[in-house]
Amino acid sequence: MPVLDVDGLRKALNADPEFRLASRLWTARLLLRIGEQPYVFEISNGEVERIVDAVTIFDPWDIELAGPADGWDQLLQREPPPFYQDVFPAILHHGFRMGGDLEALFAYYPAVRRMVDVMRAGNATV
Amino acid sequence: MARRSPIVGGYVYLSVDGVQYRVYYEEAGSGIPLVLQHTASADGRQWRHLLEDEDITSNFRLIAHDLPYHGKSIPPESERWWETEYKLTQAFFEKFLLELAAALELDRPAYMGCSMGGHMAIDLAIDHPGTFRAVIGLEAGMQTGRTAPPRLFEWFNHPRVSNDFKPALMYTMMAPTSPEAYRREVSFVYSQGAPVVMSGDLNYYGIEHDVTESARTIDTTKTAVYILGGEYDWSGTPAVCRALADEIEGAYYREMKGLGHFPMCENPARFKEYLMPVLEGILRASDGPA
């Protein structure tokens, strides 16, 4: 199961030009579930301020993206198999799910899509 | 001297249901006419690689149009279109293609379309047998089904979701191994489509098109049917394309490895490997160049 390098990923996202353009004016708390492990990305005005890996029931979130651990293994490969090339097809075909504020999710889908690219580039896991 | 493209653009006026449309199209090559239909909310630029490929244009006259409301084919002057929700219907789509072929005086053309254009390949073969000598349906299926549910359509034209959502989602439909520059180009073209057009085109792609009961009626001796499906296309999946081909006696089917929903423009070199045998088949059936 991929285990996120929360500080490395935060820095990589904030240093990524495309992510910064796509995340402009975005303030949100994005819950990412990798198997049973939740992470909350705290995003303020387009910058990832913190990625929380010790998430409790008291940590609120706006948007949820979740998938099975082995699914994230596939999704984060450099050349992922069919329908693991992004979260959206993985929702349709591989048991991933989205939830929460879909309006915000779709409004910032370019940023979410890029976030997966950055994770895939080797900046995500320890 | 500067390099010049062999593509020539022009406008043709034609009428559908009494409404006149000013239609932009590009063409290149000579031989069997091949009408090229773009995907939903895009335009004829998706075919630019084929139009500059001499291996193809040496035997085929390629015609890549923009549907009304797409690309350079502006809405009709006579209509108060801004007071009506745009919706592409199957009836209009079919009539438009027949009128285009007539306006350009095409003699038994072949047709190739992708996504909604792929679906249309099948509808043309069913509803107008023999009008087109062959149809090539890229990412075509019997129906779209759950991968493009109508609930999704509203998000393509939501006042609080920008036009950036659409190109971002289209990017996910391509193979990760396709050249990034081309994948970005596909997305860029999508970013230029009017927001209302995507959801309106999906009326045909996701709702009206359904050949579940009629695909088997196609007579491939009148209109040959070729179906190609991209491995990474999460909407018109290879399973969807194969199921359609299995319904049509005499249909040709190949899965395109390493390609997604936009084969002709996301990775034209790879696509060509799958397209050339199809074009050679059309040439053979037509007894050589026209």
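On a predicted model such as this, the values are computed, not experimentally measured, just so you know. In what follows, every chain begins at residue 1, and chains take the letters A, B, ... in the order their sequences are listed.
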Original post:
Heavy-atom count around B:E273 CD within 6.0 Å, excluding the residue itself: above 12?
Top reply: yes
Subject >> Flag, side chain of A:Q85 to backbone of B:P176, donor-acceptor distance under 3.5 Å >> reply: no
**OP:** State, yes or no, whether a side-chain contact exists between B:D164 and A:Y108 at a heavy-atom distance under 4.5 Å.
**Re:** no
Subject >> Any donor-acceptor N/O pair, A:E79 side chain to B:T177 backbone, under 3.5 Å >> reply: no
Original post:
Would you call B:M173 and A:F88 a side-chain contact if the rule is heavy atoms closer than 4.5 Å?
Top reply: no
**OP:** Looking only at non-hydrogen atoms, find the nearest pair between B:W234 and A:P89 and report the distance.
**Re:** CD1-CB, 3.3 Å
Subject >> Other residues, nucleotides, ligands: >12 heavy atoms within 6.0 Å of B:K87 NZ >> reply: no
Original post:
Which bit of A:L102 comes within less than 4.5 Å of chain B, counting heavy atoms only: side chain, backbone, both or neither?
Top reply: both
**OP:** Supply the atom-to-atom distance B:L169 CG to A:R113 CZ, rounded to the nearest 0.5 angstrom.
**Re:** 10.5 Å
**OP:** Before giving the answer on side-chain contact (heavy atoms from CB on, under 4.5 Å), spell out for B:H158 and A:F106 the whole-Å C-alpha distance, their side-chain angles and the decisive distance to 0.1 Å.
**Re:** CA-CA 10 Å; B:H158 192 292; A:F106 291 143; over 6 Å; no
Subject >> B:T237 side chain reached by A:F83 side chain, heavy atoms, under 4.5 Å >> reply: yes
Original post:
What distance do B:Y232 atom OH and A:D86 atom CG have between them, rounded to the nearest 0.5 Å?
Top reply: 13.0 Å
**OP:** Tell me, for A:E18 versus chain B, whether the close heavy atoms (under 4.5 Å) come from the side chain, the backbone, both or neither.
**Re:** side chain
Subject >> Over 12 foreign heavy atoms within 6.0 Å of CZ, A:R24 >> reply: no
Original post:
Looking at B:F165 and A:Y109, what are the two nearest heavy atoms and their distance?
Top reply: CD1-CB, 3.7 Å
Original post:
Relative to chain A, which segment of B:P167 carries a heavy atom at a distance below 4.5 Å: side chain, backbone, both, or neither?
Top reply: neither
